[in-house]
Amino acid sequence: APKDGKEGQLYRMKLFSPNEVVAKSRFWYFLSQLKKVKKATGEIVSVIEIHERKPHTIKNFGIFLRYDSRSGTHNMYKEFRDTTLNGAISQLYLDMAGRHRA
């Protein structure tokens, strides 16, 4: 807690990363773009891996994304069918690399 007695603001973010270290780094990267917060003035309270409620059920996932191409910035909506959200995001990364070279 801060020394002057004020309560700090809490920020929550859902990130996809291979491990906890990368997740923390991405958190600070995106938070510094959104708010005027530096790593030195804040602290990460917790990092929790989110597990699927029903990992054996096939589900449809819709993902809105924004990416930069050679010609400009594009907004996109893609749907993937998978058992987990992490699997759908993996499909998204492979699809974007293959079709759009992003």
Side-chain angles (χ1 to χ4, degrees):
K3 291 177 183 75
D4 57 2
K6 291 182 189 171
E7 284 293 319
Q9 184 73 35
L10 278 176
Y11 299 103
R12 181 180 189 163
M13 212 177 280
K14 255 189 195 176
L15 299 166
F16 294 91
S17 69
N19 57 41
E20 192 175 312
V21 175
V22 177
K24 286 180 179 181
S25 175
R26 302 308 292 158
F27 174 80
W28 288 118
Y29 173 76
F30 290 123
L31 189 64
S32 65
Q33 286 184 340
L34 296 168
K35 300 286 179 181
K36 197 172 179 181
V37 178
K38 291 192 296 186
K39 201 171 174 181
T41 57
E43 76 174 290
I44 293 179
V45 177
S46 70
V47 178
I48 300 169
E49 184 178 352
I50 300 170
H51 297 286
E52 205 67 39
R53 283 190 209 116
K54 296 180 180 177
H56 303 297
T57 308
I58 296 171
K59 296 172 277 298
N60 296 323
F61 294 97
I63 302 165
F64 284 100
L65 68 128
R66 182 184 184 134
Y67 76 101
D68 294 321
S69 70
R70 294 182 193 117
S71 59
T73 305
H74 306 285
N75 293 319
M76 189 182 288
Y77 174 77
K78 284 189 158 290
E79 289 187 354
F80 296 98
R81 195 166 164 84
D82 205 299
T83 55
T84 63
L85 182 58
N86 289 337
I89 296 296
S90 297
Q91 284 185 38
L92 170 72
Y93 275 115
L94 292 170
D95 188 62
M96 291 302 290
R99 286 182 206 220
H100 306 284
R101 294 184 180 162

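If you look at F61 and F80, their ring centroids are not closer than 6.0 Å.
Remark: the backbone N or O of V37 is not paired with any side-chain donor or acceptor of T41 at under 3.5 angstrom. Between the S90 side chain and the N86 main chain, a donor and an acceptor come within less than 3.5 Å of each other. Checking side-chain atoms of E52 against main-chain N and O of L85 turns up a donor-acceptor pair under 3.5 Å. A donor-acceptor distance shorter than 3.5 angstrom exists from the side chain of K59 to the backbone of K54, with no hydrogens or angles considered. A donor-acceptor pair under 3.5 Å is formed between the side chain of Q91 and the backbone N or O of R81.
Within the 4.5 Å cutoff, side-chain heavy atoms of I89 are placed close to those of I63. Counting heavy atoms from C-beta on, the side chains of S69 and Y67 come closer than 4.5 Å. Two residues are said to be in side-chain contact when any heavy atoms from C-beta on lie closer than 4.5 Å; W28 and I44 meet this criterion. When side chains are defined from C-beta on, K24 does not count as touching R26, because their heavy atoms never get closer than 4.5 Å. Contact check for F27 versus L15: side-chain heavy atoms found under the 4.5 Å cut-off. With a 4.5 Å cut-off on side-chain heavy atoms, T83 and H56 do not count as touching. Looking only at side-chain heavy atoms (C-beta outward), M96 and K78 come within less than 4.5 Å of each other.
Crowding of L34 atom CG: a count of heavy atoms from other residues, nucleotides or ligands under 6.0 Å exceeding 12.
Between the side chains of Y11 and Q9, not a single donor N or O lies within less than 3.5 Å of an accepting N or O.
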